[in-house]
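Just follow the structure's listing: the first ligand is 1, and inside any ligand the first atom is 1.
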Amino acid sequence: MEELPPEFRKRMRQMLRAEFPAFLSCMSRPSVRGIRLNPSKATRELLGKSLGFPLRSSVFSPFSYEIPSDAPKPGTIPLHHAGAFYSQEPSAASAVTILNPRPGEKILDLCAAPGGKSTQIAGILGGDGLLWSNEVVPGRAKVLLSNLERLGVKNAVVSSCHPEILCERLSGFFDRVLVDAPCSEEGMFRRDRSAVQSWSVEHVRSCAARQLLILRSAARAVRENGILVYSTCTFSREENEETVLAFLKEHPDFSLEPSGVEFGRPGFDLPRARRIFPMDGGDGHFAARLRRLSPCVCRAVPFDPPKAGGQKAAQALLEEVFQIPPEEKIVCSGGRLFVPPAGLPELSGLGVIRTGLLLGEIRTGRVEPSHALFLAAKPGMLRNVLDFPSDSRQIRAFLHGEELETDSSLKGYAGVAVDGVLTGFGKCSGGRLKNRYPKGLRIY
Ligand code: SAM
């Protein structure tokens with residue numbers, strides 16, 4: 001690991017006192033590797049059988065597992081491409097465990113890219129409720145969208161909007177809001193050299209100032225009695241306890257609640273907040289759970305879908321792809337067809353780049369299906385499926401973008417699955433499957 005900045009060492013010695021040597025010793029060892037099961041697409045048993053390396057349950061979330069340090073990189077594992085799991089160090093799942101989302105709720109993840117926490121929330125919602133994943137940096141919002149698609153999430157809105165604008169328009173709309181704030185990333189020093197290199201006391205202070213601004217905006221989006229969780233992956237008091245205290249001073253209508261979890265340890269002078277140090281078996285994390293006690297008028301007006309169009313073409317596609325075509329409300333916008341999640345507010349002016357499930361795009365009167373449609377489906381729903389074992393030559397060839405040989409009786413669109421989990425699709429004719437795995441995702 002990169003040498004720790006002397007000023008950082010000094011601050012950590014002051015913070016941890018007798019525990020400082022144990023901290024340094026942990027920091028000299030690599031951090032834990034982990035994955036998080038996507039319960040919408042796979043089971044623990046399937047991962048255990050298919051991955052070929054042991055999974056050790058973690059205290060930080062029911063779906064998180066520690067994996068051996070020599071396990072293959074996720075990008076080389078076909079089940080990763082199928083969205084059966086998300087690569088995530090287990091303690092990074094702690095903030096969502098503290099958020100405790102419930103199916104049916106409306107949840108805002110305000111600083112969401114690349115999507116570790118959004119995909120975790122989506123797995124818990126299980127398609128029931130609304131997830132709004134926002135990322136202010138447009139390029140990072142695209143990565144967020146790609147991860148949500150890979151994990152087969154159907155009930156999410158993805159936007160790239162400034163928190164102030166988004167939360168003002170959607171004031172009082174959400175049951176729970178997560179602010180996983182941009183921070184100085186001291187807790188990532190073991191895995192990210194650039195975090196060590198860009199660290200300075202000034203950076204810590206400027207992060208703290210920005211965090212308070214984001215929290216102020218986020219507070220507006222929470223409904224009366226709703227929950228706001230603030231989390232970081234850093235150790236500094238300025239960015240953790242002090243940010244929460246500054247927020248509470250300005251917002252006496254919010255109260256700090258017990259975190260409801262046993263892992264980690266209490267915050268400094270803020271016992272209801274939770275800290276995780278490397279000595280607690282994680283990287284470095286902080287989370288505080290706040291509740292709005294005051295009324296908050298919801299100003300969001302309901303979504304007004306664009307005039308119906310493309311319905312016939314959409315129906316034809318669904319009949320071609322599915323054994324029993326789902327009866328969903330379909331919306332057409334800019335030549336693209338979507339199934340919007342229930343309970344949407346008006347979206348205009350909020351930088352929305354995805355609304356629910358993208359079915360496909362209209363091209364010359366017919367609909368070209370989307371990759372997302374197949375990733376969100378289950379093999380048993382489709383008319384045609386080619387299912388390959390994860391160690392097969394065919395699945396690697398498919399993820400590489402090659403054509404596959406098929407039974408000559410297969411015609412039309414077919415899902416391609418690995419160990420029973422859909423990872424893409426192609427079009428069959430004359431004993432061949434023409435590959436539709438997106439070019440930007442191809443591997444090997
Ligand atoms: N929650 C994400 C996950 O689990 O994958 C990680 C979020 S990361 C810690 C913080 C995010 O906040 C970054 O993607 C960053 O681009 C974004 N960000 C940066 N400045 C911001 C701002 N002023 N307001 C909101 N988000 C910001």
Atoms of ligand 1, numbered as shown, that sit under 4.0 Å from any heavy atom of G116: 3 (C), 4 (O), 5 (O)
Heavy atoms of other groups near R299 CZ, more than 12 under 6.0 Å: no
Ligand 1 versus R140: contacting region, heavy-atom distance under 4.0 Å: side chain
Aromatic ring pairing F85/H80, orientation class (parallel under 30°, perpendicular over 60°, tilted between): tilted
Numbered atoms of ligand 1 (with element) below 4.0 Å of R210, judged on heavy atoms: 20 (N), 23 (N)
Protein contact to atom 1 (N) of ligand 1 [nearest heavy atom, distance to 0.1 Å]: D180 OD2, 2.7 Å
Student check: side-chain heavy atoms of F286 and F235 closer than 4.5 Å: no
Closest candidate by heavy atom, reference atom 18 (N) of ligand 1, pool C207, P182, C111: P182
Close N or O approach (A113, ligand 1; < 3.5 Å): yes
Interfacing atoms of ligand 1 (cut-off 4.0 Å, heavy-atom, V137): 16 (O)
For ligand 1, the portion of C183 having any non-hydrogen atom under 4.0 Å away: neither
Test: R292 and E224 ion pair at under 4.0 Å: no
Neighbour count above 12 (heavy atom, 6.0 Å) for R56 CZ: no
Subset of ligand 1 atoms that lie under 4.0 Å from at least one heavy atom of E135: 11 (C), 13 (C), 14 (O), 15 (C), 16 (O), 17 (C)
Proximity to ligand 1 by part of P114, non-hydrogen separation under 4.0 Å: both
Atoms in ligand 1 flagged as close to A112, the criterion being non-hydrogen separation under 4.0 Å: 1 (N), 2 (C), 3 (C), 5 (O)
Verdict with supporting geometry, F23 and M279, side-chain contact (heavy atoms from CB on, under 4.5 Å): CA-CA 6 Å; F23 172 75; M279 300 81 85; 3.8 Å; yes
Electrostatic pair R354-E149, nearest N-O below 4.0 angstrom: yes
Ligand 1 to I214 polar contact by distance, N or O atoms, under 3.5 Å: no
Polar proximity ligand 1 side, Y86 side, N/O cut 3.5 Å exclusive: no
Side-chain ion pair, E105 and R176, N-O less than 4.0 Å: yes
E164 atom CD: more than 12 heavy-atom contacts under 6.0 Å: no
Ligand 1 to L110 polar contact by distance, N or O atoms, under 3.5 Å: no
Atom 27 (C) of ligand 1: the protein heavy-atom neighbour that sits closest, reported with distance to 0.1 Å: V136 CG1, 3.4 Å
Any A181 heavy atom less than 4.0 Å to ligand 1: yes
Chi angles and distances behind the salt bridge (charged side-chain N to carboxylate O under 4.0 Å, His left out) call for E19, R265: CA-CA 13 Å; E19 253 194 304; R265 57 178 77 190; 2.7 Å; yes
Nearest-neighbour protein heavy atom for atom 25 (C) of ligand 1, which is reported as residue plus atom name and distance: P163 CG, 3.5 Å
Shortest non-hydrogen contact from P78 toward S390: CG-O, 3.6 Å
Proximity to ligand 1 by part of H162, non-hydrogen separation under 4.0 Å: neither
